[in-house]
Protein chains: 2
Amino acid sequence: MNIPETLNKSFLFGSFSSDQLRQLAEFTTVKKLKKDERLFDEGEKASAFYFVASGSVKIYRISSEGQEHTIEIQRDGDLVAEAAIFDKETYPAFCQAMDETVLLRIPKHDFIQMIERHPRIAIEIMHGYSKRLRWFVRLVEDLTMHNIKSRLARYILNNLSRDSERHISKLSISKKELASLLGTIPETLSRTLKSLKKDGLIGEEGDYIVIQNLRRLREVAE
Amino acid sequence: MNIPETLNKSFLFGSFSSDQLRQLAEFTTVKKLKKDERLFDEGEKASAFYFVASGSVKIYRISSEGQEHTIEIQRDGDLVAEAAIFDKETYPAFCQAMDETVLLRIPKHDFIQMIERHPRIAIEIMHGYSKRLRWFVRLVEDLTMHNIKSRLARYILNNLSRDSERHISKLSISKKELASLLGTIPETLSRTLKSLKKDGLIGEEGDYIVIQNLRRLREVAE
DNA sequence: CGTTGCGTTGATCTCTATCAAAAAAGGTGG
DNA sequence: CCACCTTTTTTGATAGAGATCAACGCAACG
């Protein structure tokens, strides 16, 4: 795989000139992970950040009681640990591949130098940060103001795609993961899905959620 | 008040050269707010961000049921809405002064131009973003993994200062605000404080929380 | 003084976690 | 393809945390 070409797929790097991409590729290395392999651990010194070329990784923390808690899932085109670039500190969470995953490793130091030469890049990165921050603000709001049913409804609605005449939402992660992502446990997720099905808002077909009553699902999501 | 001097107090701008501060001051204007006056509304077009010179503002959203929900409180030295700089969109929340507050208004457009000339600034800003992101990650973890008693304990511990021989924590906001900030309601906060007092971990003296058993309070906070 | 908003207390109810166990779904090696 | 084992998902019963509703004391303020 050609590194400049891969980078070009990203929202972030998509606006780079081919010259900039070539420069970036100079200090970028490819990192391949098998399913469940860890990219970094919480507390590890952060010397680089990553770009997901293919596959997906989950970012999670472990509570004092040993419970794993997913913070987010990053897929191809996303950046991982870019928040660690400018803080000289350590990774704030664990990162583990959810499938066979290919990443580009971008050393912090080289990247900062590049920014100094090409400030436009910084603006793109900051744009990404802004989005991320906004997303977290929403998440916090969600966690404090809404119950699980509405969080689940929101998740389903955010994932919507069209299949012939129907609205569907592919569950690309296990329900166990989804529960963790929604800030709950599998049992509760199972019951919540059941309740939405009972009320005729959704149906389940294998890995897909089929929307049966979009309007009412939106109402639940608020 | 001298603008460059004021800016210099900030963590963010503290690293700027006097030349840079002077430049920044050129397009910066002073904005004064009375208590409870709003700086901007959710959904309003975001054309500038702000630096809090004195006083404090709260960032909050309003739920569909009309309930106000505080996201964070920014004090002197903090930035407000810097996440809106690079997203061309709108402010994602309301912002209202909690006291008599003086802010510096920094137009987005001018600031971006300045970054292009002085990439170092960008790195400082990104540093701030990183910190903020980390903070939110912690907050999300807090909300999903800890109960209110431990959140409250954490809040008290983060506010700690020394008064002669005692550890104290000043409640600089109303309990109603604090409840909102901790993601709960005043009734529950009141009961939680009561429980901590009953167990001899803290005491209350006017606007101050007096720590009576630091070790056990830390245990509750985990 | 009456009014208004804040803080506290009590009773009750709802949601969600926990614990336990069965059912279903995936592997894996023969 | 099957028997076996592991992990995920579902279901049930129960307990606990926190929200809601209602009421009251209290201070600030016109």
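A note on names: the letters A, B, ... follow the listed sequences, proteins ahead of strands, and every chain is numbered from 1. Keep in mind the model is a prediction, meaning the values are calculated, not measured.
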Inset, instruction - Take atom CE of B:Met145 and atom P of D:dA17, then tell me their distance rounded to the nearest Å. - result: 18 Å
Legend entry - Residues forming a ring-ring contact (aromatic ring centres under 6.0 Å, His included) with B:Tyr50, sequence neighbours excluded: none
Inset, instruction - Check the angle between the aromatic planes of A:Tyr60 and A:Phe94 and answer parallel, tilted or perpendicular using the 30° and 60° thresholds. - result: parallel
Legend entry - Letter per nucleotide, 5' to 3', of nucleotides 24-30 of chain D [B base touched, S only sugar-phosphate touched, - untouched; heavy atoms, 4.0 Å]: -------
Inset, instruction - Spell out protein contact along nucleotides 5-20 of chain C as letters: B when the base is contacted, S when just the sugar-phosphate is, - when no protein heavy atom is under 4.0 Å; keep the 5' to 3' order. - result: -SSSBBB----SSBBB
Legend entry - Salt-bridge criterion met for A:Glu100 and A:Lys32 (N-O under 4.0 Å):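 Salt bridge between A:Glu100 and A:Lys32, a charged N being under 4.0 Å from a carboxylate O: no.
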Inset, instruction - State whether B:Arg166 and B:Glu205 are salt-bridged, where the test is any N-O pair (Lys NZ or Arg NE/NH1/NH2 against Asp/Glu carboxylate O) under 4.0 Å. - result: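 Salt bridge present between B:Arg166 and B:Glu205.
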Inset, instruction - Using distance alone, with no hydrogens and no angle criterion, decide if B:Thr101 and B:Arg75 have a side-chain donor and acceptor under 3.5 Å apart. - result: no
Inset, instruction - Identify, with sequence neighbours excluded, every residue that meets salt bridge (charged side-chain N to carboxylate O under 4.0 Å, His left out) alongside B:Arg138. - result: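 Result, salt bridge (charged side-chain N to carboxylate O under 4.0 Å, His left out) vs B:Arg138: none returned.
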Can you list, pair by pair, the side-chain donor-acceptor contacts under 3.5 Å of residues 186-198 of chain B, counting residues two or more places apart and other chains?
from     : atom 1 : to       : atom 2 : distance (Å)
B:Thr192 : OG1    : B:Thr188 : O      : 2.7
B:Ser195 : OG     : B:Lys149 : NZ     : 2.8
B:Lys197 : NZ     : B:Glu204 : OE1    : 2.6

Inset, instruction - Scan for salt bridge (Lys or Arg N to Asp or Glu O under 4.0 Å) pairs involving residues 49-63 of chain B, sequence neighbours excluded, and state none if there are none. - result: A:Glu141-B:Arg61, B:Glu42-B:Arg61, B:Lys58-B:Glu68, B:Lys58-B:Glu177
